[in-house]
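Just below is one structure, and these are the notes that go with it.
Order of listing sets the numbers, starting from 1, for every ligand and every atom in it.
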Amino acid sequence: MVKSCVVTEPVPDPSPAHRRRPRYKGKHPRAFHETYKELAPERYPDEVEHVRARGMTPAGQHVPIMSGEVLAALAPKPGERGVDCTLGYGGHAQRILERLAPGGKLLALDVDPLELPKTQARLRKLGYGEDALLVKRTNFAALRAAVAEAGWSEGADFVFADLGVSSMQIDDPARGFSFKFDAALDMRMNPARGFSAAQWLERASLEDLVRAFDEGADEPQARRIAMALVARRGSLRTTRELADAVRAAMPPFVVEEEADRSTRRVFQAVRIEVNDEFGVLDTLLRALPECLRTGGRAALLTFHSGEDRRVKKSFEAGVRAGIYAECSAEVVRASMEEQRSNPRSSSAKLRWARRA
Ligand SMILES: C[S@@+](CC[C@H](N)C(=O)[O-])C[C@H]1O[C@@H](n2cnc3c(N)ncnc32)[C@H](O)[C@@H]1O
């Protein structure tokens with residue numbers, strides 16, 4: 001039975017009003033606001049296809065990762081009930097919905113108040129009404145409550161999560177996730193809650209920073225960078241300021257590429273802290289068995305060794321305790337072909353488990 005968890009308020013039409021084409025130098029747009037064709041795929045399908053053929057993700061979109069492997073692990077069937085904990089652009093959800101028809105239902109969660117209405121509108125336009133798709137803006141740490149509100153007292157037939165951030169979030173300069181653009185240092189998946197990255201960096205102790213860079217990014221220069229950031233307190237308000245501070249902290253022998261890798265790792269570690277990504281994953285893993293009916297399948301896609309370790313440990317402990325009947329013996333990786341066509345898939349790791 002559908003209950004109040006469904007987002008029922010009218011969804012704004014995300015298609016932009018007609019405006020003059022932004023002017024940019026050269027053949028291809030560089031800044032996010034210049035990618036107006038990619039941001040309107042229904043009007044410029046050829047342009048979007050062209051961007052994808054170049055192994056890139058069109059602005060404002062997210063290419064679902066390992067979708068064949070995810071479907072094989074979840075095995076959605078007509079009439080079943082499933083949960084997508086991380087709706088994002090809805091790429092996985094759309095493929096799952098195709099398998100659930102007729103009669104099945106997908107409960108889709110996401111914490112992002114900016115992207116969720118756009119994805120919801122897109123999926124509704126494809127014909128998925130509330131009989132097939134329930135959408136709820138919530139953190140997946142509240143999975144138990146979301147499943148209960150949906151009225152699924154016996155649990156779901158499958159639960160899926162594709163962790164981390166979407167390409168839309170990373171590529172939108174206003175979200176402050178990337179050092180590719182200079183912007184306010186925010187990094188919150190839900191910008192209405194909690195502390196921004198700039199606020200977190202201002203408050204975290206030296207030891208908090210060292211732990212975050214170590215655990216959240218396996219950063220070899222963790223202490224050195226942490227000390228440099230503490231020394232620069234008060235001037236870490238933008239993505240560029242943070243990136244410059246990390247680069248300036250590097251020992252003199254470090255080459256440009258290694259400094260770039262450290263910057264990327266520090267940005268990832270800060271994002272993980274700001275969104276409490278390890279904490280909410282632990283909560284999700286604890287809630288999973290209760291949210292799955294007998295024989296129900298769970299599949300989790302992770303992008304970081306700290307996340308994968310947690311999923312592996314939880315699934316294996318679940319098998320030993322008789323909670324899960326089986327789990328993936330090996331981690332499943334994206335094919336070489338997918339890694340070439342979508343480099344964002346190269347760090348992805350998929351694990352699955354089946355409820356006893
Ligand atoms: C990698 S994307 C998912 C992409 C999606 N599978 C697709 O095919 O488009 C991750 C999404 O999960 C959301 N997310 C991350 N952590 C979350 C959490 N704790 N609770 C709910 N949503 C979360 C992000 O806002 C983002 O939209």
Side-chain angles (χ1 to χ4, degrees), residues 5 7 41 52 57-71 73-74 76 82-98 106-123 126 133 135-147 158-172 175-177 186-194 268 271-288 291 299-304 306-307 310-311 334 338 342-350:
C5 70
V7 175
R52 284 198 181 196
T57 301
Q61 293 193 23
H62 180 97
V63 178
I65 286 171
M66 295 174 70
S67 49
E69 292 84 348
V70 167
L71 286 177
L74 296 175
V83 186
D84 180 350
C85 293
T86 51
L87 180 63
Y89 191 74
H92 288 108
Q94 195 181 327
R95 286 158 180 78
I96 292 168
L97 282 161
E98 285 160 7
L106 183 69
L107 169 61
L109 318 178
D110 203 298
V111 78
D112 186 333
L114 304 170
E115 293 296 332
L116 186 66
K118 299 183 207 167
T119 300
Q120 186 181 1
R122 206 179 304 116
L123 291 172
L126 292 175
L133 172 68
V135 178
K136 183 171 169 60
R137 176 158 65 82
T138 189
N139 196 303
F140 58 58
L143 175 67
R144 240 189 233 115
V147 168
F158 61 86
V159 174
F160 170 59
D162 174 10
L163 301 180
V165 276
S166 67
S167 303
M168 297 88 75
Q169 291 166 330
I170 300 173
D171 293 345
D172 182 351
R175 307 294 300 263
F177 280 104
D186 193 305
M187 298 200 196
R188 282 172 292 184
M189 295 188 209
N190 178 0
R193 295 194 73 169
Q268 172 181 279
R271 190 204 81 205
I272 286 175
E273 285 297 318
V274 165
N275 296 287
D276 187 22
E277 292 179 39
F278 290 155
V280 292
L281 173 57
D282 288 339
T283 309
L284 173 68
L285 289 167
R286 277 196 302 274
L288 260 183
C291 297
L300 269 73
L301 255 183
T302 65
F303 294 83
H304 178 263
E307 291 172 342
R310 284 173 158 80
V311 176
E338 179 169 3
N342 181 11
R344 288 176 182 177
S345 66
S346 52
S347 56
K349 291 180 180 166
L350 176 70

Report yes if some N/O of G90 lies less than 3.5 Å from some N/O of ligand 1; otherwise report no.
yes

Closest protein heavy atom (residue, atom, distance) for atom 23 (C) of ligand 1:
V111 CG1, 3.8 Å

Contact region, C85 to ligand 1, non-hydrogen atoms below 4.0 Å, reads backbone

Salt bridge R95-D162, side-chain N to carboxylate O under 4.0 Å
no

When you measure from atom 17 (C) of ligand 1 to every protein heavy atom, which one gives the shortest distance, and what is it?
F140 CE2, 3.4 Å

So N139 and T283, do their side chains get closer than 4.5 Å, heavy atoms only?
no

For V165 versus F177, what's the shortest heavy-atom pair and its separation?
CG1-CE2, 3.6 Å

Please work out whether any backbone atom (N, CA, C, O) or any side-chain heavy atom from C-beta onward of I65 is under 4.0 Å from ligand 1, and answer side chain, backbone, both or neither.
neither

Here's one to test your reading of the geometry: is the NZ or CZ of R122 within 45 degrees of the ring axis of Y89 and under 6.0 Å from its centre?
yes

Please state which part of L284 comes within less than 4.0 Å of ligand 1, counting heavy atoms only: side chain, backbone, both or neither.
neither

D112 and E115 have their tightest heavy-atom pair at OD1-N, 3.1 Å

Between S166 and ligand 1, is there a nitrogen or oxygen pair with a distance under 3.5 Å?
no

Which of these, D110, L109, N190, sits in a side chain to side chain contact (heavy atoms under 4.5 Å, CB included) with R137?
N190

Is there at least one pair of N or O atoms, one from N139 and one from ligand 1, spaced under 3.5 Å apart?
yes

Are V111 and N275 side-chain neighbours, meaning at least one heavy-atom pair lies under 4.5 Å?
no

Min over L109, L301, I96, D110 of heavy-atom distance to atom 25 (O) of ligand 1 lands on D110

Proximal ligand 1 atoms for G91, defined as those under 4.0 Å from one of its heavy atoms
7 (C), 8 (O), 9 (O)

Check each heavy atom of Q169 against ligand 1 and say whether those closer than 4.0 Å belong to the side chain, the backbone, both or neither.
side chain

Could you tell me which non-hydrogen atom of R188 sits nearest to which non-hydrogen atom of R175, and how far apart they are?
O-NH2, 3.3 Å

Report the nearest protein non-hydrogen atom to atom 4 (C) of ligand 1: residue, atom name, distance rounded to 0.1 Å.
D162 OD2, 3.3 Å

Residue portion contacting ligand 1 (non-hydrogen atoms closer than 4.0 Å) for M189:
side chain

Taking 4.0 Å as the limit for heavy-atom contacts, which would you say applies to V280 with ligand 1: side chain only, backbone only, both, or neither?
side chain

Nearest non-hydrogen contact to atom 21 (C) of ligand 1 from the set T86, T138, L163, D276 belongs to T138

Please find the pair of heavy atoms, one from R144 and one from R286, that lie closest to each other, and give the distance.
NH2-O, 3.9 Å

